[in-house]
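Data first, discussion second: the structure below is written as C-alpha cells.
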Amino acid sequence: MVFSTPYFLFLYLPAVLFLYYISPLKFRNFILLIFNLLFYGWGEPVYILLMVFTIVLDYFAGIIVQRCKDRGNDKGARWAVGISLGLNLAILFFFKYWVLVASTLQSFGLNVPTFDLVLPIGISFYTFQTMTYPVDIYRGDAELPKNLINFGTFVTLFPQLIAGPIIKYKELADQMAFRTHSTDKFASGVQVFIVGLAKKVLLANNIGQLWDVYLATPGAELTTLGAWLGILAFSLQLYFDFSGYSDMAVGMGRMLGFEFLENFHYPYLAKSATEFWRRWHISLGSWFREYLYIPLGGNRVGAGRLIFNLFVVWACTGIWHGASWNFLIWGLYYFLIIVFERFFFSKVLQKLPGWVGHVYGLFIVMVGWALFAVEDFSAMGLYLKAMFGMGAGLADGDFLYYLRSYLPILVIGILAATPLAKTLWNKASLRARQVAIPVLVLAGLVLATAYLVDGTYNPFLYFRF
Amino acid sequence: MSKKYTTFITVLFCLFIFGFGLALLILPDREFSEQENRYLTQFEAPTLDSVFGENGQFMVDFEKYVNDQFPLRDQWIQLKAWSERLSGKQENNKVYFGGEGQQTLFAQYTKPSDLEQRVDYVNQLGANVDVPVYFALIPDKTWVWADRLPTGAPLVDDGSTIRDAQGLVSEDVTFIDLTDALQGDDVFYRTDHHWTTMGACQGYWALMSAMNGSCTILESEPTLVSDTFYGTTWSSSGAGWVRPDEMYTWVPEGGLTGNTTVTRYPSGQPEEGTFYDLSKLEVKDKYSMFLGGNQGLCVIKNPDAQGGKLLVIRDSYADSLAPFLSLDYQEVHLFDLRYNLMSLKQYVVDNDIDQVLVLYSNSNFSTDSNLALLGM
C-alpha cells in the first residue's frame, strides 16, 4: 500500500485509527500487527508468508542468542547471530539482486534462470531493521521483546515499513512495550503528516513531471540548460518524495503514540559530499556506520585500510538503492569524492568562503543524481555530456516553455528545501500559529485530495528499495 | 498549546478523513461521468482468485474504484486544474490551455516515428484498386490555431507530418494538401479536437477543388443547434473555467432537392439516418449528432448530383463533412476501418466506386492502429 492514495488516506487510515483507539491498551499492538500485514500484503499477498518467516526467524534468533549469552556460550551466540544474518542477507539477495546477477551472467553467456520475482515492497528497509536485532541482543544493546506480537508489530510497523526511516529495534523497544497517547501528540502528528503529504503530492509529484520530460528526451536532443533543469527537478522531486514519506511516517507514528527520529536535515544546504550524507537519509547512514563501518575498524585504522572500509561502505550504500549497476556506480562516485574530501579537499574548503562550499556541494550532489536517475548507461553518458556543455547547444524553445511553466513551483520547491519557512514559523507569535495551523492543515488536505483524486501522476519511487 | 486546541486540530483532521471515507462508503456509486465522458469503475467483490491470483486484480481494481467513486470527484478534478493554472502551468493532463482567457484547449500532439509505414499502407491501397485514390490529412488544431497556444508549447503539430507524408506518397495516390485550407476563429471547437461545421465546409471546398474541380456553395447560413457542447479535450483537461462550444447544422436534410437518403450500418444491419441527429444533443457526446455517431459504414445517396460514387476511408472528422460531399456525389460511402473489416479492394469493385478518398485527421492518422487494413 502507498500513503499517497485516496484508499489509504480515507479508508485504511481511518480504519486503523478507529480500531486502534477503541481497543484496550493491551490489544493495540495486535490490532496494529493485523493492519500492518494488510498494508504489506496489499500489493502481493503471498509475501505475507515471507514477512512472517522473517519475523519468526529473527525473533527466535534473538532468544537463542540471549540463552547462549546467559550460559556464557559466546561461540554459540556468535553462531546464532551469524546464521540469522546470513539467512536475512540470503533472502534480500535472492529477492532483490538475483534478477540483476542472473541477467548479467546471462549476458556473459551463462544459462541461469532469473525467476522474474516481484520485489517484495520495502524489503531493503525492513531487512535492515530486523537483521541487526540479534546483533543488538548479542552486544547487550537491546533486551528480548515481551512476545512475538510486539516484535512482529515492530518489524511491520506500517508508517515506516516501505520507505523508512530505518529504525533499530533497540530504539523502539521501549515504545513497543509502553507508549503514551494524547491529543497533543496526535495534533502534532497531524501537522507533520500534512507537511509530508504536501511535500509528496503537491511538490514532488508536480516537479517530477518536469524530470520525466527530460528523462524521456533523446540524449542527442538535450541542451545544457535543459539537462540541468531536468536534474534540478529530479533533485527536488526525490528529496520531497523521500522526506515527504518520512514526515508522513513520523506524523502517523505520533498519531499512534510513537516517536521516530528525523531522517532528513536540509540536505541541499550541505557544503560537501561528506556533509550531505550527514543530512540525507540519516537513518541509513547511521545504520551503515554502526553495523558495517565501525565493525570494519572505522577510521581508527591506517590510510589504506580506511580507504578500503570506505570503499565497502559506499559500494553497499550504492547497491542498497536498487538492483541496477548504476546505483553501484553512484555509490562508488561518493566513495571517490569522500576520500578526496577526507584526505585533501575538506581542509581547502574550510578556508574558502561558505558560498563556495554550497555551490560545490550542490554540484556534486546534482551530478550524482544524474548517475542515480538515468539507469541506461549510454543515456547516462549523453545526459552527463549535455550537462557539461557537449549536448545540443545551450538551450532551446522547449527549455524556455518548461522553465516558464515550472518556475513558480520550482521557486517554491527551492525555498521549501531551506529552513526559511521554519525560521519564519518560529518567529511567529503563538496566536498567529494557532490561526495558521488549522488553515494550513485544511488547505493541505483539500489540495492534496484534489491532486490524489485526479491521480494522473503519482509515482512510487521506492519500489526498487 | 492547550488541550482544547489540540483536540480541535485532532477533530478537524479526523472529520476530514473519516467524513470523506464514510461518504465514499455510503453514497451511491455513479455509473457514468458526464464530465469525463467515460464509465466509472464499479465495486467488484473480492474472490480468492482476484486477491491471491496473478497481479492482485482485486486490489488494482479497488484502487481505481475508490478514485472513480470518490465523493465530489468532478469538483476535485476541477480544483486541481485550477490549482495548476494558478501555479503558472499552461497545461493539465496533457491538454494545453491557450487563447484569450485560456478558453481554448488543445490536446497535445506527437509526431509518429513510423510515419513511413503508415503512408505506405495508403500506397498499398493505391496500388490495389483501379480507380483514383486521393489522400489528405486534416491539420491538427495545434497547427491551425498555433497563435493561440502557450508560447513555445513543445508537443504540437508543426506541419512537418503532413509535409513528410506528402513526400512519401507513391504515384498511385494523389495527395491533397490541406495545410492551409482551414482558416478563421470558428473552424475548430475550443473544447474538442474536431473541426466544426464551418471547418468541415472549408475542408470540403479544398477537397472538391482537387477532386471534382468545382463545389456547391450553399445559400443558407449555418443554424445554431446547441450552445452547451463540452468536447473530449475539455473532459480530460478538468478546465472548469472554459465556456461551452456552439454547434451548427448547415446542409438541409435530404439535400438541396430533398431526395438525398442516409443509410447507416451501426451494427451491420441498414438503418435510415439523417445528416444531423438532433436527439444526440441531449447526451454528453454531442458530436455524435453528425450522422448519429460511430459506425462501420454509412451510405449517402443523392440521385440528383452530378458526380459519381465516392468512397471515403475516414475517421470521425468525416461525419460533419459528409453532408457537404453528398451535394456533389450520387453516392458517398463512409468506411471506418475501426469497425469494418471488409476488404477495401473488394468493396471498390462490388460497389462500382469511382473515386477513393483516404481522409484522416493528423492526430488520428498518427495514432490509429488499424491502418494496415487499408492494404487488404
Side-chain angles (χ1 to χ4, degrees), chain A residues 1-2 5-15 17-18 41-46 182-191 193-194 202 206 213 255 396-402 404-409 412 430 433-434 437-438 441-442 445-447 449-457, chain B residues 1-14 16-25 51-52 55-56 58-60 62-68 70-84 86-94 150-155 236 238:
Chain A
M1 224 180 257
V2 177
T5 52
Y7 69 89
F8 176 85
L9 205 51
F10 295 97
L11 294 177
Y12 179 86
L13 185 59
L17 291 174
F18 178 71
W42 183 257
E44 194 62 65
V46 189
S182 68
T183 56
D184 195 39
K185 243 183 178 177
F186 197 102
S188 115
V190 166
Q191 292 166 50
F193 178 78
I194 298 292
L202 304 181
N206 222 321
V213 169
M255 293 180 204
D396 55 12
D398 291 8
F399 167 76
L400 291 175
Y401 172 79
Y402 288 117
R404 226 176 52 153
S405 286
Y406 283 89
L407 194 59
I409 193 85
I412 294 173
L430 184 66
R433 274 190 247 171
Q434 283 190 332
I437 289 171
V441 164
L442 212 52
L445 277 173
V446 166
L447 274 180
T449 306
Y451 277 79
L452 289 179
V453 170
D454 191 342
T456 42
Y457 186 84
Chain B
M1 307 255 168
S2 68
K3 170 129 176 118
K4 232 166 121 183
Y5 185 78
T6 54
T7 309
F8 164 61
I9 298 296
T10 301
V11 168
L12 182 75
F13 176 77
C14 289
F16 195 89
I17 62 168
F18 281 82
F20 278 103
L22 283 175
L24 171 68
L25 295 178
V51 173
F52 294 100
N55 308 326
F58 169 74
M59 282 76 95
V60 174
F62 184 76
E63 292 170 25
K64 281 191 205 144
Y65 162 75
V66 172
N67 276 26
D68 274 7
F70 200 82
L72 306 174
R73 175 176 168 85
D74 293 352
Q75 286 77 5
W76 290 118
I77 287 174
Q78 292 196 15
L79 176 65
K80 187 233 172 185
W82 261 111
S83 158
E84 289 287 277
L86 289 177
S87 78
K89 294 269 186 68
Q90 300 166 85
E91 59 181 284
N92 185 38
N93 298 354
K94 301 189 171 162
T151 315
L155 296 171
S236 38

Closest-packed option against chain A by number of heavy-atom pairs under 4.5 Å, given Ile9(B), Val66(B), Ile17(B), Leu24(B): Ile17(B)
For Asn206(A) against Tyr406(A), the heavy-atom pair lying closest together: O-CE2, 3.5 Å
Pick from Gln191(A), Arg404(A), Glu44(A) with the largest number of heavy-atom pairs that fall under 4.5 Å of chain B: Arg404(A)
Ring center gap for Phe20(B) and Phe70(B) short of 6.0 angstrom: yes
Thr6(B) and Phe186(A), any side-chain heavy atoms less than 4.5 Å apart: no
Part of Gln434(A) lying under 4.5 Å from any heavy atom of chain B: both
Side chain / backbone / both / neither for Phe8(B) at chain A, heavy atoms under 4.5 Å: side chain
Worked check of side chain to side chain contact (heavy atoms under 4.5 Å, CB included) between Asn92(B) and Asp454(A): CA-CA 11 Å; Asn92(B) 185 38; Asp454(A) 191 342; 4.3 Å; yes
Which of Val190(A), Asp184(A), Leu445(A) touches chain B most, by non-hydrogen pairs under 4.5 Å: Leu445(A)
Chain B contact via Leu407(A) - side chain, backbone, both or neither, heavy atoms under 4.5 Å: neither
Contacting moiety of Leu25(B), where chain A heavy atoms sit under 4.5 Å: side chain
Point-to-point distance, once rounded to the nearest 0.5 Å, from CD of Gln90(B) to OG of Ser405(A): 4.5 Å
Interface moiety of Phe18(A) toward chain B, non-hydrogen atoms closer than 4.5 Å: both
Contacting region of Tyr402(A) [heavy-atom separation from chain B under 4.5 Å]: side chain
Ring centroid separation Phe8(A) to Trp42(A) under 6.0 Å: no
Portion of Ser87(B) that has a non-hydrogen atom of chain A nearer than 4.5 angstrom: backbone
Check: Ser2(B) side chain, Tyr5(B) main-chain N or O, donor-acceptor pair, under 3.5 Å: yes
Side chain to side chain donor-acceptor pair (under 3.5 Å) between Asn93(B) and Glu84(B), intermediate numbers included: CA-CA 10 Å; Asn93(B) 298 354; Glu84(B) 289 287 277; over 6 Å; no
Sub-4.5 Å side-chain heavy-atom contact between Glu91(B) and Tyr401(A): yes
Check: Ser83(B) side chain, Leu79(B) main-chain N or O, donor-acceptor pair, under 3.5 Å: no
Option that, when pairs with chain B are counted at under 4.5 Å, heavy atom only, ranks first among Ile437(A), Leu430(A), Leu442(A): Ile437(A)
Region of Val446(A) that comes under 4.5 Å of a non-hydrogen atom in chain B: both
Top contributor to chain A contacts, counting heavy-atom pairs under 4.5 Å, from Tyr65(B), Phe62(B), Phe52(B): Phe62(B)
Pick from Ile77(B), Thr151(B), Asp68(B) with the largest number of heavy-atom pairs that fall under 4.5 Å of chain A: Thr151(B)
Side chains of Trp76(B) and Leu452(A) in contact at under 4.5 Å (non-hydrogen atoms): no
Residue, of Gln78(B), Glu63(B), Arg73(B), that accumulates the most heavy atom pairs under 4.5 Å with chain A: Glu63(B)
Chain B contact via Thr5(A) - side chain, backbone, both or neither, heavy atoms under 4.5 Å: neither
Distance in Å, Leu202(A) CG paired with Ile412(A) CD1, rounded so as to fall on 0.5 Å steps: 9.5 Å
Side chain, backbone, both or neither of Leu400(A) within contact of chain B (heavy atoms, under 4.5 Å): neither
Residue part contacting chain B, namely of Met1(A), when any heavy atom lies under 4.5 Å: neither
Chain B contacts, top residue of Ala15(A), Ser188(A), Gly43(A), Pro45(A) (heavy-atom pairs, under 4.5 Å): Pro45(A)
